[in-house]
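So the structure is just underneath, and the comments pick up after that.
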Amino acid sequence: MTWDEPATVAEAEAIQSRLRPLADLSSEGPAEIGLTAGLDVGYAEDGTVTGAVVVLDASLNVVDRAVARERARFPYVPGLFAFREIPPLLTALSRLSVTPGLLVCDGYGVAHPRRFGLACHLGVLTGLPAIGVAKTAFVGTHETPADERGSWTPIVLDGETVGRALRTRTGVKPVYVSQGHRMSLDNACAQVLRLAPEFRLPEPIRLADRLSRT
DNA sequence: GCGACAG
DNA sequence: ATCTTGTCGC
């Protein structure tokens with residue numbers, strides 16, 4: 001799958017609608033993940049975007065990392081987030097010396113107005129299993145999950161479950177998990193809990209966030 | 001119509 | 001996203 005550069009908002013929306021059917025939301029996905037990549041993008045005052053990828057092994061040790069700093073090509077538009085962040089992330093991914101078995105993206109997957117957020121887009125482009133983990137709610141409605149780590153409630157959009165508000169730390173604000181590509185929602189939440197044994201955000205995303213500010 | 005809106 | 005000190009709590 002190749003990257004299309006949209007020139008307008010209408011074009012970007014059309015690309016999302018066209019690629020949406022290509023996202024695999026039926027596969028369970030691997031239960032055992034060897035290498036997990038966390039992805040995030042940092043912004044600078046000069047209109048520069050820095051894509052960062054950090055790869056962790058099953059013990060959560062860093063085994064690889066890569067960054068790519070470029071000029072932003074698309075403005076920030078809610079719902080079209082991916083067109084701003086994907087270019088530097090693809091460049092950073094191409095600089096890895098290993099191939100991760102899962103992409104953990106900072107944002108949404110299928111919990112999206114057109115059911116095609118950043119995690120779906122990156123999953124389809126790379127062909128790799130991908131999930132989205134966001135820090136705030138964006139679409140749909142959900143109840144507040146119980147206080148204990150592991151508790152969750154469904155995020156419902158137009159009568160459909162599109163993700164979960166998942167508590168990764170007892171007494172701390174939940175994160176918002178949704179499917180991206182080639183992984184079930186159950187599996188995605190299990191992976192997020194495995195990857196976030198100590199802090200609210202999964203370790204791969206925390207480290208990528210830190211790296212993107214460099 | 002108006003405001004809100006992943007990062 | 002980013003601009004930013006101290007402060008409450010485990």
Side-chain angles (χ1 to χ4, degrees), chain A residues 6 9 12-13 15-16 19-20 23 37-54 67-92 103-125 130-142 147-149 154-158 161-181 185 188-189 192 196-202 204-214:
Chain A
V9 164
E13 290 176 342
I15 290 173
Q16 289 181 330
L19 296 184
R20 181 183 56 194
L39 303 86
D40 195 17
V41 174
Y43 296 78
E45 69 297 319
D46 61 350
T48 280
V49 289
T50 302
V53 184
V54 176
V67 296
R69 187 167 189 168
E70 310 173 348
R71 178 106 184 162
R73 309 176 202 170
F74 203 85
Y76 170 66
V77 180
L80 300 178
F81 187 45
F83 296 96
R84 189 167 173 73
E85 300 217 335
I86 282 184
L89 288 177
L90 285 180
T91 305
L103 303 182
V104 181
C105 308
D106 188 34
Y108 281 121
V110 75
H112 177 276
R114 278 169 300 281
R115 305 291 205 281
F116 198 75
L118 175 66
C120 298
H121 209 145
L122 267 175
V124 167
L125 291 179
I131 64 176
V133 180
K135 297 181 289 295
T136 63
F138 175 44
V139 292
T141 58
H142 65 89
D147 268 10
E148 296 71 37
R149 165 181 159 90
I155 298 171
V156 178
L157 177 62
D158 298 327
T161 293
V162 295
R164 286 180 191 167
L166 174 66
R167 199 85 73 170
T168 53
R169 288 199 68 185
T170 298
V172 175
K173 276 203 311 180
V175 295
Y176 303 88
V177 181
S178 55
Q179 290 175 270
H181 186 51
L185 184 53
C189 290
V192 168
E198 185 175 6
F199 301 107
R200 178 191 179 221
L201 291 179
I205 287 188
R206 284 188 63 241
L207 297 175
D209 176 82
R210 197 159 68 91
L211 184 58
S212 75
R213 299 169 188 277
T214 304

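Residue numbers start from 1 in every chain, and the chains themselves are labelled A, B, ... in the order their sequence lines are given, proteins ahead of strands. As a basis for the values below, the full set of heavy atoms in this structure was taken, side chains included, without hydrogen atoms, waters or symmetry mates.
- The aromatic rings of A/His121 and A/Phe116 are tilted relative to each other, their planes meeting at an angle between 30° and 60°.
- Interatomic distance, CD1 of A/Ile205 versus CG of A/Asp40, reported as 7.0 Å (0.5 Å rounding).
- B/dA6 atom P lies 12 Å from atom OH of A/Tyr43, rounded to whole Å.
- By the 5.5 Å and 30° criteria, A/Tyr76 is stacked with the base of B/dG7.
- For A/Gln16 and B/dA6, the CD to P distance is 14 Å, given to the nearest whole Å.
- Contacts of A/Arg169 with the nucleic acid, taken as non-hydrogen atoms under 4.0 Å apart, are absent.
- In this structure, A/Thr136 reaches the B/dG7 phosphate: one of its side-chain N or O atoms is under 4.0 Å from OP1 or OP2.
- At whole-Å resolution of the value, CD in A/Gln179 and P in B/dA6 are 21 Å apart.
- Ring orientation note: the planes of A/Phe74 and A/Phe83 are tilted relative to one another, at an angle of 30° to 60°.
- Not one side-chain nitrogen or oxygen of A/Arg84 sits closer than 4.0 Å to the OP1 or OP2 atom of B/dA6.
- Considering only side-chain N and O atoms, A/Lys135 lies under 4.0 angstrom from the phosphate OP1 or OP2 of B/dG7.
- The residue A/Ile205 sits apart from the nucleic acid: no heavy atom pair falls under 4.0 Å.
- Taking atom CD of residue A/Glu45 and atom P of nucleotide C/dT2, one finds them 11 Å apart after rounding to whole Å.
- Per the geometry, OH belonging to A/Tyr176 stands 14 Å off C1' belonging to B/dC5, to the nearest Å.
- For A/His112 and B/dG7, the NE2 to P distance is 13 Å, given to the nearest whole Å.
- Side-chain N or O atoms of A/Arg167 include one that pairs as donor or acceptor with a backbone N or O of A/Val172 at under 3.5 Å.
- One can place CG of A/Leu39 at 14 Å from C1' of B/dG7, the figure rounded to the nearest angstrom.
- Residue contacts shown for A/Gly132 are absent, as no nucleic acid heavy atom lies under 4.0 Å away.
- Whole-Å rounding puts the A/Phe83 CZ to C/dA1 P distance at 20 Å.
- No side-chain heavy atom of A/Glu85 sits less than 4.5 Å from a side-chain heavy atom of A/Leu39.
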